[in-house]
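One structure is given here, and the rest of the page talks about it.
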Amino acid sequence: MSRKRSWAEPYKIKMVEPVFMTTLEDREKFIKEAGYNTFLLRSRDVYIDLLTDSGTSAMSDRQWAGIMMGDEAYAGSENFYHLESTIQDYYGYKFVVPTHQGRGAEHLISQILIKKGDFIPGNMYFTTTRLHQELAGGTFVDVIIDEAHDSESNFPFKGNIDLNKLENLIKEKGADKIPYVSIATTVNMAGGQPISMANLKEVRALTNKYDIKIVHDMTRVAENAYMIKLLEDGYADKPVAEIIKEICSLTDAATMSSKKDALVSIGGFLAINDEDVFAEARNLVVVYEGLHTYGGMAGRDMEALAIGITESVQDDHIRARVGQVRYLGEKLLDAGIPIVNPIGTHGIFIDAKKFLPHLSQDMFPAQTLAAEIYIDSGVRAMERGVVSAGRNKETGEHNYPNLELVRLTIPRRVYTQAHMDVIAESVQYVHERRDQINGLKMVFEPKYLRFFQARFEKL
Ligand code: F0G
């Protein structure tokens with residue numbers, strides 16, 4: 001007879017941070033004061049914080065011990081050398097430039113590689129990545145497979161590049177107008193979807209043919225590697241660490257927001273194989289981030305990051321991390337909540353168009369739904385729809401993405417299964433009374449990355 005064997009997290013809790021429940025009246029007042037934008041809420045008014053998995057993970061006792069070993073020298077900190085060798089060992093890139101977080105690295109590589117009038121194809125945009133490409137004079141072109149824009153498609157590798165779209169772009173614009181292809185592992189805006197190794201190899205072959213680089217946004221590479229292990233032929237018996245190295249070996253440079261996979265609150269880096277590009281980045285980092293041996297990070301932060309990288313690639317860690325997200329996703333699917341399929345690796349993405357079909361995209365359904373979930377239970381989610389997509393830089397019109405999503409992003413090693421149950425019940429309750437929910441109108445719109453600071457009023 002086969003016995004059921006549940007899995008549990010590969011750690012026990014040594015320190016806790018209290019959180020507080022508020023009243024419904026309080027939350028109605030707080031969200032109104034925040035302009036119905038969950039980014040503008042105070043954290044103390046949030047019960048379960050699913051705004052992001054960025055910088056919100058729990059560090060291990062080893063990482064905290066590393067904090068005490070910070071070598072806060074302005075130049076040549078011991079922790080930098082530890083970080084540099086860890087990145088070389090675990091990811092295989094040759095050269096490392098530390099930055100304060102992911103967008104610092106995006107800024108450097110965009111300024112170095114992109115010329116005015118260039119095109120940068122990618123597997124869907126990310127907000128900061130695309131903005132840095134545009135600020136450097138480039139135009140982002142989405143060449144992800146069509147399935148990625150369809151929340152119902154169950155295709156397992158929705159992060160894949162459509163090779164026809166990519167090759168047509170190269171032929172239309174000319175290879176000299178395409179400095180690199182931008183590949184994210186996993187694709188955040190598609191719902192935390194992985195790219196397959198087979199697809200990445202094909203992209204490598206195609207870019208080699210035209211002598212085009214690949215820049216890898218490796219923010220959630222361990223999660224992507226785990227999905228390859230689960231789903232792709234030939235990888236079931238390979239350690240996640242080995243799969244990560246193989247992914248990195250197919251690319252020329254990488255930007256990293258260490259605030260996700262790598263289990264720290266702040267930090268990032270640019271990793272590069274080309275010595276000339278490295279020389280430029282090492283010089284430019286001094287202007288925007290700090291000296292090339294700290295790049296905006298304290299020594300202690302670099303130490304915690306080096307240790308976090310080694311923990312992030314462990315199979316038992318990543319299985320529990322992705323497993324917890326899937327637990328929540330399956331609960332929501334069982335309750336009939338429309339979410340992006342398949343379940344992503346860092347969060348659950350609710351399809352707000354299907355959840356609130358009576359609201360047009362001009363009424364900001366995802367923004368509305370995130371506010372309603374907060375009002376119901378103090379769970380803070382994030383809009384990933386028309387507000388995040390911003391405006392077309394030529395016409396000034398809203399970009400209307402197919403995917404109008406609310407992201408319930410799960411921090412690593414922070415919440416328990418009981419928290420997941422509370423979240424699922426709240427979403428279910430809001431779903432039951434969805435007919436009574438009205439939309440929002442935007443009353444303040446900042447120029448850059450408007451989703452962070454835009455304000456709304458109820459219609
Ligand atoms: N690339 C991806 C795929 C990201 O998800 C992020 C950040 C960045 C780059 C930028 O890194 O924040 O360190 O400057 N994503 C966060 C999120 C903000 O909530 O998804 P950063």
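Each ligand, and each atom within it, is numbered from 1 in the order the structure gives. Numbers here are sequence positions counted from 1. Because the structure is predicted, anything quoted here is derived from the model rather than measured.
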Next item on the list: Determine, stepwise, if the pair Asn37 / Gln367 fulfils side chain to side chain contact (heavy atoms under 4.5 Å, CB included).
Entry: CA-CA 7 Å; Asn37 185 345; Gln367 189 79 28; 3.8 Å; yes
Item checked: Within the 4.0 Å heavy-atom sphere of ligand 1, strictly under, residues -> Thr52, Ser54, Gln101, Gly102, Arg103, Glu106, Phe126, Thr128, Asn188, Asp217, Thr219, Arg220, Ser257, Lys259, Lys260, Met382, Arg407
Note to self: Can you confirm whether Met256 sits close enough to Asp261 that some side-chain heavy atom of one is under 4.5 Å from a side-chain heavy atom of the other?
What the structure shows: yes
Check: Centroid-to-centroid, Phe364 to Phe456, below 6.0 Å?
Finding: yes
Item checked: Phe444: ring-ring contact (aromatic ring centres under 6.0 Å, His included) partners, not counting sequence neighbours -> none
Item checked: CA sep, side-chain torsions, deciding dist, call: Arg412, Glu223, side chain to side chain contact (heavy atoms under 4.5 Å, CB included) -> CA-CA 11 Å; Arg412 295 162 188 80; Glu223 293 175 10; 2.9 Å; yes
Note to self: Between Glu106 and Thr255 (side chain of the first, backbone of the second, donor and acceptor by atom type, cut-off under 3.5 Å), is there such a pair?
What the structure shows: no
